[in-house]
Amino acid sequence: MAWKSLDDMDLSGKTVLTRVDINVPVSGGKVTDATRIERIAPTVADILAKGGKPVLLAHFGRPKGQVVPEMSLEVLVPALAEVFGVPVKFASDCIGGPAKEAVSALGAGEVLLLENTRFHAGEEKNDAAFSAALAALGEVYCNDAFSAAHRAHASTEGLAKLLPSCAGRCMQAELEALEGALGTPVRPVVAVVGGAKVSTKLDLLGNLVSKVDYLVIGGGMANTFLVAQGTEIGKSLAEADMAGTAREIMDKAAAAGCKILLPADVVVAREFKAGAANETVPATECPADAMILDAGPQAVAAIKEALDGAKTLIWNGPLGAFEIEPFDAATNATADYAAALSAEGKLTSVAGGGDTVAALNKSGAAEKFTYISTAGGAFLEWMEGKELPGVAALG
Ligand code: 3PG
Ligand code: MG
């Protein structure tokens, strides 16, 4: 690994500018999912233990270079203090007078949160003067925001060039888990890729077929592959114009020795709604007036068989319309099975992406997975084989 960790840094008496991703869901002034805050807690604790002063840099929403009061990070102070178990101070700007004063006033054992970096246009422009204004506040840069590492912004990329830099504990865990799942995995490797559209996951599928042994395709994307095979899919969601691309992916997989698993049977319904009347049919027999909303039990059995022989699983995207019951059945059954194999130590399982994590949390399987990424877009780009600017800058 080209980057340094907190273990490699002397932090005693130093102000550590720590980029975190606390872009968490908030409703009625309360954090509804504190996962991202919990994941950065070890970083804060370790900086404090090493005698450093953690000063948190973060974005919240997409204010696009303007001060948008509804996107102030101040609302998160109580949640941070509760999870970290130490006092958390707040500064009304992330650069200039208010930030400098708050940094100098920070006491031992305290954490400082600076206001939303995206209130300044220089953040997303990765502006040199804005990076310098951030750098002026501290002595060390720690990037713990893997889930924002696909953005080449001042606080995720520019700053790494101005100060001695290291990865925080969450960043480190993310990189180690992903490296273990796709960089140098123990084989055989199964990838599960679901979601609505092939067009948004082309780069992903193209990269995976040359890296994994089994590629399970689910969700609306699978329909496009069925169309590519000449299967009639009734009213199912599909991208007919992507059929040629799907065939190219299948050819590339065959050449690379990657086995693509498409559902042999499917659950179909006439309405897209929870509890809609449904039936299970072979994938080749979707009625003309019905739509495919989930993979069927035979499809799940085939995935389980692949998992039985596998050592590593990487998962992005649900297998069906998991947000409406009972069309979450294939996703849940597969997730539970992978979770059980992981708990028995037979499988290393890594999952990421907003919908994916929501689906695995819903089924309760997430806890038993080896690693659940905090990242959405960054996880996808990493799986696509792309270099993440925030990670590259640490090297
Ligand atoms: C996220 O929530 O996915 C990250 O914080 C990145 O946010 P962004 O997509 O607004 O850059
Ligand atoms: Mg996003």
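What you see is a predicted model; the values in this text were computed from it and never measured. Just follow the structure's listing: the first ligand is 1, and inside any ligand the first atom is 1.
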Asker: Cation over ring, Arg39 on Tyr371, under 6.0 Å and within 45°?
Answerer: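 Yes, Arg39 sits over the ring of Tyr371.
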Asker: Please classify the His153 to ligand 1 contact at 4.0 Å (heavy-atom distances, strictly less than): side chain, backbone, both or neither.
Answerer: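 Contact part for His153 vs ligand 1: neither.
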Asker: Can you list the ligand 1 atoms lying under 4.0 Å from a non-hydrogen atom of Ser147?
Answerer: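 The atoms of ligand 1 under 4.0 Å from a heavy atom of Ser147 are 4 (C), 6 (C).
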Asker: Please enumerate all residues that pass side chain to side chain donor-acceptor pair (under 3.5 Å) together with Thr117, with sequence neighbours excluded.
Answerer: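 Partners of Thr117 under the side chain to side chain donor-acceptor pair (under 3.5 Å) test: Glu123.
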Asker: Looking at Arg62, which atoms of ligand 1 are within less than 4.0 Å of one of its heavy atoms?
Answerer: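 Counting from 1, the qualifying ligand atoms are 8 (P), 9 (O), 10 (O).
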Asker: Applying salt bridge (charged side-chain N to carboxylate O under 4.0 Å, His left out), run through Arg270 and Glu279 and close with a yes or a no.
Answerer: CA-CA 10 Å; Arg270 268 85 185 167; Glu279 58 194 288; 2.7 Å; yes
Asker: Between Asp144 and Arg19, does any NZ, NE, NH1 or NH2 come within less than 4.0 Å of an OD or OE carboxylate oxygen?
Answerer: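 Salt bridge: no.
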Asker: Checking Glu82 now: which residues fulfil side chain to side chain donor-acceptor pair (under 3.5 Å) with it, not counting sequence neighbours?
Answerer: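 Residues passing side chain to side chain donor-acceptor pair (under 3.5 Å) with Glu82: none at all.
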Asker: List ligand 1 atoms under 4.0 Å from Asp21, heavy atoms only on the residue side.
Answerer: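 Checking each atom against Asp21, I get 4 (C), 5 (O).
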Asker: So is Arg36 in contact with ligand 1, going by heavy-atom distances below 4.0 Å?
Answerer: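 Contact present.
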Asker: Would you check whether His150 has a nitrogen or oxygen atom less than 3.5 angstrom from a nitrogen or oxygen atom of ligand 1?
Answerer: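 No; the residue has no nitrogen or oxygen that sits under 3.5 Å from a nitrogen or oxygen of the ligand.
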Asker: Which ligand 1 atoms, with their elements, are less than 4.0 angstrom from a heavy-atom of Arg151?
Answerer: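 Within the 4.0 Å cut-off of Arg151, ligand 1 contributes 8 (P), 9 (O), 11 (O).
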Asker: Counting only heavy atoms not in Glu325, do more than 12 sit closer than 6.0 Å to its CD atom?
Answerer: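 No, not enclosed.
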Asker: What atoms of ligand 1 come within less than 4.0 Å of a heavy atom belonging to Arg118?
Answerer: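 Once the distances to Arg118 are compared, the set is 8 (P), 10 (O), 11 (O).
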